[in-house]
2 protein chains.
Amino acid sequence: MQDALVRKLESYEVLSEQERRALSALTPHVRQVPARTDLIREGDPPELVHLILEGFACRYKILPDGQRQIMAFFVPGDFCDLNVFILDAMDHSIGTISACRVADIPRNAIDHITENHPRITRAFWWCTLVDEAVLREWLVNLGGRQADQRIAHLICELLTRLEAVGYASDNSFAFPFKQIDLADCMGLSDVHVNRTLRDLRKRGLIALKQRILTIHDSARLKEYCNFTPNYLHLKNARWSDRRTSPWLARSQGG
Amino acid sequence: MQDALVRKLESYEVLSEQERRALSALTPHVRQVPARTDLIREGDPPELVHLILEGFACRYKILPDGQRQIMAFFVPGDFCDLNVFILDAMDHSIGTISACRVADIPRNAIDHITENHPRITRAFWWCTLVDEAVLREWLVNLGGRQADQRIAHLICELLTRLEAVGYASDNSFAFPFKQIDLADCMGLSDVHVNRTLRDLRKRGLIALKQRILTIHDSARLKEYCNFTPNYLHLKNARWSDRRTSPWLARSQGG
DNA sequence: CGGCCCATTGAGCCTCCTCAAGCTTAGTGG
DNA sequence: CCACTAAGCTTGAGGAGGCTCAATGGGCCG
């Protein structure tokens with residue numbers, strides 16, 4: 001079952017039981033992928049759409065000098081490249097951060113949805129537009145904030161996105177990222193990420209134990225980095241009434 | 001006539017005469033917009049798609065502290081927000097850099113294309129995916145390169161994109177940007193942009209006179225910043241055989 | 001001619017980087 | 001159960017790239 005996707009789409013559109021079944025039918029091909037494994041590489045022809053059912057993944061590019069730039073994080077319920085099969089070759093790679101359950105969705109399954117389920121299609125569109133908005137916000141983050149606020153902003157975003165799919169509770173969520181992962185996405189060195197995290201801890205804004213990140217006062221953290229969630233375009237913030245979330249048992253190693 | 005759009009789409013798909021007419025019919029509402037004017041602002045409901053027929057525009061956001069972050073530049077032939085009308089409110093603003101000719105396209109005109117012209121629809125998709133790829137590359141630029149290579153990369157990208165729509169010739173193109181525009185998009189201060197441009201000039205890589213930018217040796221500049229155009233996904237690089245381009249007469253002031 | 005906007009240059013400082021070492025944790029094999 | 005290893009986290013020291021503040025210069029327009 002791909003609960004996270006349904007949850008995410010339902011924060012945009014109300015779905016019927018029939019539509020939920022159509023979404024289930026989308027993912028017969030599910031596989032377990034180890035941590036630190038590529039799903040698709042730069043230069044490959046895009047053939048399948050990847051849907052993250054569980055775990056964390058990222059979109060990245062390796063520069064000629066060997067430097068890695070991470071351009072997006074994927075959490076449960078995220079499509080990696082919903083519409084990319086129009087292009088001839090990937091211009092970036094996608095790889096797992098933690099161990100993941102991934103659904104491989106063939107192009108014609110997406111086409112089938114597009115032709116028969118306008119409301120799901122609309123919700124897919126929404127996903128694409130939100131992915132773009134997140135990317136833009138990352139650019140703002142890199143261009144306009146310095147290290148401490150930058151990392152705080154990433155944490156606020158992850159909290160909000162994970163709450164929307166039921167993978168955060170009590171301001172805590174699984175955090176399988178290595179410091180160098182954060183460095184490679186925030187345009188910082190790993191050493192500086194380390195010091196910045198230490199400062200955020202000392203200020204009492206976050207705690208990080210056994211790969212579980214806890215935000216002590218999310219209002220204060222959000223204010224600290226001027227986080228406003230408007231760019232995530234969540235219509236129905238309905239997951240505030242969730243019960244204990246399933247993530248605690250699933251903090252897969254990195 | 002919206003020559004630039006047709007040129008751009010034809011670098012992705014071959015279009016019939018009928019399809020070109022359909023594209024012309026898309027833009028009955030054309031207006032002249034002065035430089036430094038907003039087309040749409042953050043918070044506004046998106047109603048119209050804006051197509052830049054001539055001039056330069058940008059996508060930007062103002063942070064709470066007053067800082068502006070530019071997230072994209074638009075050149076002739078670019079749609080500002082092809083599919084954004086699904087969302088309720090803009091999460092960023094769009095404004096002109098130079099004076100522009102802009103076409104306002106109502107949503108139903110786009111829908112009409114989608115329903116009747118699959119090849120144009122596909123080319124529109126392509127545009128959207130390329131816009132995203134450009135955004136990703138900007139993130140790479142901010143995260144992974146320092147000031148000189150960063151600005152050089154922007155210049156290489158603009159050259160390539162403008163060549164594709166016939167607005168560059170002999171490695172020269174109109175450059176109406178103020179230094180603070182470059183600063184606000186590259187995450188640098190205006191002072192440092194100034195020094196960096198000076199260095200690029202001193203190295204003989206570029207020249208900048210009367211708002212016309214000339215690249216002396218584009219191969220050397222591209223190598224200097226590791227520019228590879230793959231992310232622009234230009235299939236048919238057909239504009240190498242163009243004649244003198246129309247931009248020289250049109251270097252509108254900023 | 002004066003005023004404004006933008007480009008340019010200098011000086012001092014701060015954020016963040018690099019290099020390098022020590023430490024912690026988890027995994028492996030005897 | 002412990003020795004050993006490897007990966008990742010932590011901390012220090014010194015340096016470089018880029019920022020801020022401030023003053024000057026140049027071009028355009030009223």
Side-chain angles (χ1 to χ4, degrees), chain A residues 34-37 56 63 65-70 97-99 141-154 175-203 206-213 225 251-254, chain B residues 34-37 63 65-69 97-99 141-154 175-203 206-213 225 251-254:
Chain A
R36 312 283 153 186
T37 307
F56 291 76
L63 302 191
D65 62 357
Q67 168 162 12
R68 177 181 63 156
Q69 177 67 42
I70 293 178
I97 296 282
S98 66
N141 214 15
L142 279 185
R145 285 187 263 258
Q146 45 198 30
D148 48 356
Q149 296 189 341
R150 209 182 281 182
I151 291 181
H153 194 280
L154 174 68
F175 199 81
F177 308 102
K178 289 188 279 189
Q179 293 184 352
I180 199 152
D181 295 330
L182 301 181
D184 287 348
C185 82
M186 306 309 269
L188 300 166
S189 69
D190 52 349
V191 173
H192 201 63
V193 166
N194 181 290
R195 293 192 226 267
T196 305
L197 286 174
R198 183 186 58 185
D199 293 346
L200 292 175
R201 268 187 265 122
K202 275 189 185 165
R203 287 166 179 273
I206 62 168
L208 196 42
K209 270 180 204 161
Q210 298 181 306
R211 311 268 162 197
I212 304 280
L213 189 138
C225 59
S251 169
Q252 313 98 323
Chain B
R36 313 283 154 184
T37 307
L63 301 191
D65 64 356
Q67 168 161 11
R68 177 180 63 158
Q69 178 65 44
I97 296 283
S98 67
N141 213 15
L142 279 186
R145 285 187 262 259
Q146 45 198 29
D148 49 354
Q149 295 189 342
R150 208 182 282 183
I151 290 181
H153 195 278
L154 174 67
F175 198 80
F177 308 102
K178 287 187 282 189
Q179 293 183 352
I180 199 150
D181 296 329
L182 301 181
D184 288 347
C185 82
M186 306 310 266
L188 299 166
S189 70
D190 52 349
V191 174
H192 200 63
V193 166
N194 182 289
R195 292 191 228 269
T196 306
L197 286 174
R198 182 187 58 188
D199 292 348
L200 291 175
R201 267 186 265 121
K202 273 189 185 163
R203 287 164 179 273
I206 62 169
L208 194 43
K209 269 181 205 159
Q210 298 181 306
R211 309 268 162 197
I212 303 280
L213 189 138
C225 59
S251 169
Q252 312 97 322

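Throughout, a chain's letter reflects where its sequence line sits, starting with A, and its residues are numbered from 1. As the structure is a computational prediction, the values presented were derived from the model and not from experiment.
Paired with Val193(B) under the rule side chain to side chain contact (heavy atoms under 4.5 Å, CB included), one option of Leu182(B), Ile180(B), Asp181(B) passes, and it is Leu182(B).
Nucleotide dG8(D) holds its P atom 21 Å from the CZ atom of Arg198(A), rounded to whole Å. Rounded to a whole Å, the CD atom of Gln149(B) is 10 Å from the P atom of dG18(D). Rounded to whole Å, atom C1' of dT8(C) lies 13 Å from atom CG of Leu208(B). The separation between Ile180(A) atom CD1 and dC17(C) atom C1' is 13 Å, rounded to whole Å. One interatomic measurement links the two molecules: CG of Asp181(B) to P of dA7(C), which rounds to 8 Å at whole-angstrom precision. Atom-to-atom, NZ of Lys209(A) to P of dT25(C) comes out at 13 Å; the value is rounded to the nearest Å. Here dC9(D) presents its P atom at 9 Å from CG of Leu197(A), a figure rounded to the nearest Å. What separates CG of Leu142(B) from P of dC16(C) is a distance of 14 Å, to the nearest Å.
In terms of heavy-atom proximity, Asp65(B) sits nearest to Gln67(B) at OD1-N, 3.0 Å. Here the shortest heavy-atom pairing between Asn141(B) and Met186(B) reads ND2-CE, 3.3 Å.
Closest approach to the Gln146(A) side chain among dC16(C), dC6(C), dG12(D) is made by dC16(C) (side chain taken as heavy atoms from C-beta onward). Listed candidates were dC9(D), dG8(D), dA7(C). Nearest to the side chain of Arg211(B) is dA7(C). Which of dT18(C), dG18(D), dC16(C) sits closest to the side chain of His192(B) comes down to dG18(D). Among the nucleotides dC6(C), dG10(C), dC9(D), the one closest to the side chain of Gln179(A) is dC9(D).
Contact annotation for Leu188(A): backbone-only contact, meaning every heavy-atom pair under 4.0 Å involves sugar-phosphate atoms and none involves a base. Within 4.0 Å (heavy atoms only), Arg145(A) reaches no atom of the nucleic acid at all.
Between Asn194(B) and dA7(C) there is no side-chain polar atom (N or O) within less than 4.0 angstrom of OP1 or OP2. Note on Gln210(B): every side-chain N or O is 4.0 Å or more away from OP1 and OP2 of dG27(D). For Arg201(A), a side-chain nitrogen or oxygen approaches OP1 or OP2 of dT10(D) to under 4.0 Å.
Counting atom types as modelled, Arg195(B) pairs no side-chain N or O with a base atom of dG17(D) as donor and acceptor under 3.5 Å.
Looking at Asp184(A) and Lys178(A), no side-chain N of the basic residue comes within less than 4.0 Å of a carboxylate O on the acidic one, giving no salt bridge.
With contacts defined as side-chain heavy-atom distances shorter than 4.5 Å, the pair Arg150(A)/Thr196(A) does not qualify.
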